[in-house]
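Below: the structure, in structure tokens.
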2 protein chains.
Amino acid sequence: MSKKYEEIAEELRRRIDQGIYREGKMLPQQIALAEEFGVSRMTLKKAMDILAMEGLLFRKRGVGTFVHKSTLWNTANYKATEYRGLTVQLPDKKVESEIISFDIQFPTEKLQTLLMLDSNEAVYHIVRLRIVDKKPYILEDTYYVVDIVKNLTEEIIYESIYEYIRSNLELKVGGAYRKISADIPTELDIEHLEATDRTPILEVEQVVYLANGVPFEYSKSRSRYDMRSYTITDIIPN
Amino acid sequence: MSKKYEEIAEELRRRIDQGIYREGKMLPQQIALAEEFGVSRMTLKKAMDILAMEGLLFRKRGVGTFVHKSTLWNTANYKATEYRGLTVQLPDKKVESEIISFDIQFPTEKLQTLLMLDSNEAVYHIVRLRIVDKKPYILEDTYYVVDIVKNLTEEIIYESIYEYIRSNLELKVGGAYRKISADIPTELDIEHLEATDRTPILEVEQVVYLANGVPFEYSKSRSRYDMRSYTITDIIPN
DNA sequence: CAGTGGTCTAGACCACAGC
DNA sequence: CTGTGGTCTAGACCACTGC
């Protein structure tokens, strides 16, 4: 974190959290804040753009900058824009894993397309049940590119794969494409998610990219309808 | 559309569509493109940022700018980031509506919070079934702020409310908060969506904001699991 | 009118990839 | 080392709001 606008965004986020800036009118305008942080106005605005896209701030030309009212969205149980893995999303909870299968294979044609692979570049295939506070939570069916997510072991899979990617491999996630849908339960769902054959399932299918644009993960995550939902904050900054 | 970066983004999008820029390396770099369009490099980069967030482009520092491979995501049946209404999302289809109920009422406490209203500021309450190619598609339960979405009539509701908001009221949508979940069907779902009591339902709950930050719509849209899914392109531009 | 945020510039400098 | 994209600046000008 050496970029000025990220640091300023962080600081502003902190001030909103702490109630230094409250619902209603905000700081002494962009110019004053730019001066306070010792940056140009464009850099300050870029920091604000981040918070605006997160839905924390909104701005009215000719009026000023305001803190958005926090609603059910901020207390939501899961943000779609979050790649750091379940361990980070649920810091208060005990997150465990049960490994249902773990092997290495050559990619299918679909995987070759989605992950930009040749047919001889292997992928890990992992089926894993995430357990939160002793309750089955998510059934993940995941493929990782072996050349990128090197040397996966059962221990890593049992803990947090994303923590391994970030800390040990020092890779940075840059984004994802996701498809969210509802579905009828499969045999595997019924077996592992404490579902019946009529429990609706929420599925998230995704391709995750590194910051350099290279895809490294394809996965489908399934949960019982009453265990999880997804929120999206989708603001176009002015 | 008077902003240069929007015009440039539009033009670049067109070039990608037409295959002038293909998968692989792209244009003569930012400086050359900036010159071509007669703008500064920062402005050009801002145009590219838009396309990067849409997932069309990705850039590698030290290398260049590339067109992203189009995959199932681009052919997806519904993008979560789309406010222009069903009529626009499904241009090839015949979209009709059945109005199940339409009245005006005072907001509940929850609505007052979500839509920033006082208890005496009325809302329209509309329950509407959207029918696509003669098939029931989405059951919408929507509240609009009367002071903003003025003079709603049954005719408007029968056609496209978003078209009315854009063309007649000349209001610009700025964003939305959404929550996507799966659910068990209600009586209303079963009655109108050709569902049984064991058909999973996909629900989208949302608050939609104008470009000036004022919320004007709260709604829940429900579909059968096999009729619809949502895609999210979620890229952090470098 | 004064005051707010949004756009745009021309150029400097930095970070990273690949030869 | 060269060429790419990313950051940042200082300041000009525009667009909108509200008095």
Side-chain angles (χ1 to χ4, degrees), chain A residues 1-10 12 21 24-53 56-68 148 170-172 174-175 209-214 235-238, chain B residues 1-10 12 21 24-53 56-68 170-172 174-175 210-214 235-238:
Chain A
M1 179 93 68
S2 54
K3 297 168 203 160
K4 288 187 185 176
Y5 65 83
E6 281 184 359
E7 279 169 13
I8 293 170
E10 193 67 45
L12 295 177
Y21 301 143
K25 185 126 186 305
M26 185 176 163
L27 79 183
Q29 87 253 118
Q30 293 182 351
I31 296 172
L33 265 190
E35 252 170 40
E36 184 201 325
F37 289 113
V39 299
S40 74
R41 205 182 133 216
M42 290 238 45
T43 303
L44 184 96
K45 187 178 169 295
K46 200 164 176 182
M48 283 184 162
D49 284 344
I50 295 174
L51 301 192
M53 279 192 282
L56 276 172
L57 292 182
F58 67 97
R59 290 163 292 184
K60 288 193 207 182
R61 181 186 292 197
V63 185
T65 301
F66 301 81
V67 179
H68 233 137
I148 299 172
E170 293 181 349
L171 297 173
K172 207 182 152 201
Y209 293 80
L210 296 176
N212 65 13
V214 178
I235 308 284
I236 305 162
N238 295 313
Chain B
M1 179 91 69
S2 54
K3 296 167 203 159
K4 288 188 186 177
Y5 65 83
E6 282 184 359
E7 279 169 14
I8 293 169
E10 193 67 45
L12 293 178
Y21 300 143
K25 186 131 186 301
M26 185 177 164
L27 76 184
Q29 86 252 115
Q30 294 182 349
I31 296 172
L33 265 189
E35 251 170 43
E36 183 199 327
F37 289 112
V39 299
S40 75
R41 205 182 132 216
M42 290 237 42
T43 302
L44 184 98
K45 186 179 169 296
K46 200 165 176 182
M48 282 183 163
D49 284 343
I50 294 173
L51 302 192
M53 279 193 281
L56 275 171
L57 293 182
F58 67 97
R59 291 164 291 184
K60 288 194 208 181
R61 182 187 290 194
V63 184
T65 301
F66 303 80
V67 179
H68 231 140
E170 293 183 349
L171 297 172
K172 209 182 150 200
L210 296 175
N212 66 13
V214 178
I235 308 284
I236 304 161
N238 295 315

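The sequence lines fix the lettering, A, B, ..., with proteins before strands; numbering per chain opens at 1.
The side chain of Q29(B) lies closest to dT4(D), out of dG6(D), dT4(C), dT4(D). Taking every side-chain heavy atom of K46(A) into account, dT7(D) is the closest of dT9(D), dT7(C), dT7(D).
Comparing G62(B) and V39(A), the nucleotide of DNA chain D nearest to each residue sits closer to the 5' end for G62(B). In this structure, M42(B) and G64(A) both approach DNA chain C, and ranking their closest nucleotides by distance from the 5' end singles out G64(A).
dT7(D) atom C1' lies 8 Å from atom NZ of K45(B), rounded to whole Å. In this structure, L57(B) atom CG and dT4(D) atom P are separated by 17 Å, rounded to whole Å. Separating the CG atom of L44(A) from the P atom of dT7(D) is a distance of 16 Å, rounded to the nearest angstrom. Rounded to whole Å, atom C1' of dT2(D) lies 12 Å from atom CD1 of I31(B).
Between T65(A) and dT4(C) there is no side-chain N or O to OP1 or OP2 distance below 4.0 Å. Residue Y5(A) has no polar side-chain atom (N or O) positioned under 4.0 Å from OP1 or OP2 of dC8(D). Between Q30(B) and the phosphate of dG6(D), there is a side-chain N or O to OP1/OP2 separation shorter than 4.0 Å. Close to dT7(C), at under 4.0 Å from its OP1 or OP2, lies no side-chain N or O of K4(B). At the phosphate of dT9(D), OP1 or OP2 sits under 4.0 Å from a side-chain N or O atom of T43(A). OP1 or OP2 of dT7(C) sits under 4.0 Å from a side-chain N or O of K3(B). Phosphate contact (OP1/OP2 of dG11(D), side-chain N/O of R41(A), threshold under 4.0 Å): absent.
In this structure, F37(A) CZ and E7(A) CD are separated by 10.0 Å, a value rounded to the nearest 0.5 Å. L57(A) contributes atom CG, which lies 5.0 Å from atom CG of L51(A) (distance to the nearest 0.5 angstrom).
No donor-acceptor contact under 3.5 Å links the side chain of R61(A) to the base of dG3(C).
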